[in-house]
Peer 1: 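Mind looking over this structure? Questions follow.
Just so it is clear: chains get the letters A, B, ... in the order the sequence lines come, proteins before strands, and each one is counted from 1. Scope of the values below: all heavy atoms of this structure, side chains included, with no hydrogens, waters or symmetry mates.
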Number of protein chains: 2
Amino acid sequence: MQKDAYTYLTEHGIKPSPQRMAVMEYLIANPVHPTVEAIHAALVGRMPTLSKTTVYNTLKLFVESGAAQVLTINEKMTNFDADVEPHAHFLCAECGEIYDIAENEEMVKQATALPENFQLDTTSVYLRGICPKCLQKKNK
Amino acid sequence: MQKDAYTYLTEHGIKPSPQRMAVMEYLIANPVHPTVEAIHAALVGRMPTLSKTTVYNTLKLFVESGAAQVLTINEKMTNFDADVEPHAHFLCAECGEIYDIAENEEMVKQATALPENFQLDTTSVYLRGICPKCLQKKNK
DNA sequence: AATCAAAAATGAAATGATTACAAATTTGAA
DNA sequence: TTCAAATTTGTAATCATTTCATTTTTGATT
């Protein structure tokens, strides 16, 4: 069962302003790892004064508070994910979609638990290639 | 035993121009995951006409040919690695250094072999936190 | 319900890595 | 030597992200 944005924010010590609520609601409702651009474009209709800077500030705050994670899987743009549980991500070189690969969470945990004298804060497993949809399209 | 740049380039089907040789030699001799900026700065002394565009072009070619890999572990900048064997990378939030974490290569392989209907091209395991050196400095 | 300082949001301008592109240079086969 | 293809170069554009000064909102206190 998915937690609501209000609870999620306050549990991470984030004051739930209207803008922050809107961004977090969007992240939860659209777990497709949106970019700043996409989030802003989606929300500015119902929240006309929302600035892109606020979206940047808000996401930065989420990440620092552990309420979201940054994906740097795409060189061009930064993507965001409200799911902070360890799972792998797959970027399709054809369509650009980023898939969640959660089926082997335990292995991801093991592979990302390597360093000993290191203080480990965040981990990412990034896979790249071509997704089933695009593979099928190519074999038309 | 480390292969020389010439062999490494030709084995990947890359014509070894002076610029390409210089960049590959630098990558092999300095496995610290340098940026375009760092590579250019290091080489322009002995190769004064080397342009940054050429460094960009050259690295792009290396990556497309499988002679190097891109690291997107750092949001700010792209880093390059001539070691294309699967291994994890650790970015220190304090000093910015990127460490190779090779000690558990088998687990990395397993964790990055997840998708089935997906065509998998490249994999990355990124860890972030604070390195031993910086941890020690903090406990001065 | 008015006041006011702190927090948050805004928008314009700056930054800086990367890319596009046209011109110049180099390469190597004929 | 000739010449077209490949490579390199430098400048200018692109564009995501950051900076920063100003404006707005919030919420505690009179």
Side-chain angles (χ1 to χ4, degrees), chain A residues 5-6 9-10 12-26 33-65 67-80 91 93 96 98, chain B residues 5-6 9-10 12-26 33-65 67-80 91 93 96 98:
Chain A
Y6 182 90
L9 288 184
T10 50
H12 284 91
I14 298 168
K15 185 153 69 155
S17 73
Q19 288 86 346
R20 291 168 182 173
M21 282 291 290
V23 172
M24 183 50 84
E25 278 165 4
Y26 186 79
H33 322 94
T35 60
V36 167
E37 186 63 35
I39 296 168
H40 181 260
L43 297 180
V44 75
R46 89 181 80 127
M47 201 176 231
T49 68
L50 181 69
S51 73
K52 218 173 275 184
T53 300
T54 295
V55 179
Y56 274 103
N57 291 341
T58 300
L59 290 167
K60 186 182 208 176
L61 177 66
F62 288 0
V63 171
E64 287 168 354
S65 311
Q69 65 170 310
V70 187
L71 306 189
T72 60
I73 193 172
N74 186 334
E75 283 176 58
K76 303 293 175 196
M77 231 171 254
T78 304
N79 298 273
F80 294 88
L91 171 66
I98 298 175
Chain B
Y6 182 90
L9 288 184
T10 51
H12 285 91
I14 298 168
K15 184 154 69 158
S17 74
Q19 288 84 347
R20 290 168 182 172
M21 282 291 290
V23 172
M24 184 50 84
E25 279 166 3
Y26 186 80
H33 321 95
T35 60
V36 167
E37 186 64 34
I39 296 168
H40 181 259
L43 297 180
V44 77
R46 88 180 81 126
M47 200 175 231
T49 68
L50 181 68
S51 73
K52 218 173 274 185
T53 302
T54 295
V55 179
Y56 272 104
N57 290 343
T58 299
L59 290 167
K60 187 184 207 176
L61 176 66
F62 288 0
V63 171
E64 286 168 357
S65 310
Q69 65 170 311
V70 187
L71 305 189
T72 60
I73 193 173
N74 185 335
E75 283 176 59
K76 303 294 175 195
M77 231 172 254
T78 304
N79 298 272
F80 294 88
L91 170 66
I98 298 174

Peer 1: Return the nearest nucleotide to the side chain of B:Thr78; candidates are C:dT18, C:dA8, D:dG10.
Peer 2: C:dT18
Peer 1: Give, ordered by number, those residues of residues 53-62 of chain B having at least one heavy-atom distance below 4.0 Å to an atom of DNA chain D; if nothing qualifies, reply none.
Peer 2: B:Thr53, B:Thr54, B:Asn57
Peer 1: Starting at atom CZ of A:Phe80, determine the distance to atom P of D:dA16, rounded to an integer number of angstrom.
Peer 2: 13 Å
Peer 1: Distance check needed: D:dT26 P versus A:Met21 CE, whole Å only.
Peer 2: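 One finds 14 Å between P of D:dT26 and CE of A:Met21, rounded.
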Peer 1: Pick the closest DNA chain D nucleotide for B:Ser51 and for A:Lys52 by heavy atoms, then say which residue is nearer the 5' end.
Peer 2: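 The residue mapped nearer the 5' terminus is B:Ser51.
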Peer 1: Ignoring backbone atoms, establish whether B:Gln19 has a side-chain N or O less than 4.0 Å from OP1 or OP2 of D:dT9.
Peer 2: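 It does, given that an N or O in the side chain of B:Gln19 lies less than 4.0 Å from OP1 or OP2 of D:dT9.
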Peer 1: Show your reasoning for whether side-chain contact (heavy atoms from CB on, under 4.5 Å) applies to A:Gln69 and A:Val63.
Peer 2: CA-CA 5 Å; A:Gln69 65 170 310; A:Val63 171; 5.9 Å; no
Peer 1: Does B:Thr49 reach a base, just sugar-phosphate, or nothing at all? Heavy atoms under 4.0 Å.
Peer 2: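 Sugar-phosphate contact only - B:Thr49 comes under 4.0 Å of backbone atoms but never of a base.
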Peer 1: Taking the side chain as C-beta and beyond, is there a heavy-atom pair between A:Thr72 and B:Asn74 under 4.5 Å?
Peer 2: no
Peer 1: Rounding to an integer number of Å, can you tell me how far B:Asn79 CG sits from C:dT18 C1'?
Peer 2: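 For the pair B:Asn79 CG and C:dT18 C1', the rounded distance is 14 Å.
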Peer 1: Is the closest side-chain heavy-atom distance between B:Leu59 and B:Val55 below 4.5 Å?
Peer 2: yes
Peer 1: Got a sec, which pairs hit salt bridge (Lys or Arg N to Asp or Glu O under 4.0 Å) with one end in residues 47-64 of chain B, sequence neighbours left out?
Peer 2: B:Glu37-B:Lys52
Peer 1: Within the 4.5 Å heavy-atom criterion, are A:Arg20 and A:Leu61 side-chain neighbours or not?
Peer 2: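 The answer is yes, as the side chains (C-beta and beyond) meet within the 4.5 Å cut-off.
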Peer 1: On DNA chain C, compare the nucleotides closest to A:Met47 and A:Lys76; which residue's is nearer the 5' end?
Peer 2: A:Met47
Peer 1: Could you list all N or O pairs between the protein and nucleotides 4-7 of chain C that sit under 3.5 Å apart?
Peer 2:
none

Peer 1: B:Val36 or B:Pro18: which one's nearest nucleotide on DNA chain C is closer to the 5' end?
Peer 2: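 Closest to the 5' end, via its nearest nucleotide, is B:Val36.
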Peer 1: Could you give the CE-to-C1' distance, from B:Met77 to C:dT15, as a whole number of Å?
Peer 2: 12 Å
Peer 1: Carefully, step by step, assess A:His40 and A:Leu50 under the rule side-chain contact (heavy atoms from CB on, under 4.5 Å).
Peer 2: CA-CA 7 Å; A:His40 181 260; A:Leu50 181 69; 4.1 Å; yes
Peer 1: Are any of the side-chain heavy atoms of A:Val70 and A:Asn79 separated by less than 4.5 Å?
Peer 2: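 No, side chains not in contact.
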Peer 1: Please give, in whole Å, the distance from D:dA16 C1' to A:Ile39 CD1?
Peer 2: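 That distance rounds to 14 Å.
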Peer 1: Nearest whole angstrom, please: distance from the C1' of D:dA16 to the CG of A:Leu71.
Peer 2: 16 Å
Peer 1: For residues B:Phe80 and B:Thr78, determine if any side-chain heavy atom of one lies less than 4.5 Å from a side-chain heavy atom of the other.
Peer 2: yes
Peer 1: Between C1' on C:dG11 and NE2 on A:His40, what's the gap in Å once rounded to a whole number?
Peer 2: 11 Å
Peer 1: If you round to the nearest 0.5 Å, how far is CD of B:Glu75 from CG of A:Leu71?
Peer 2: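 Reported value, rounded in 0.5 Å steps: 10.0 Å.
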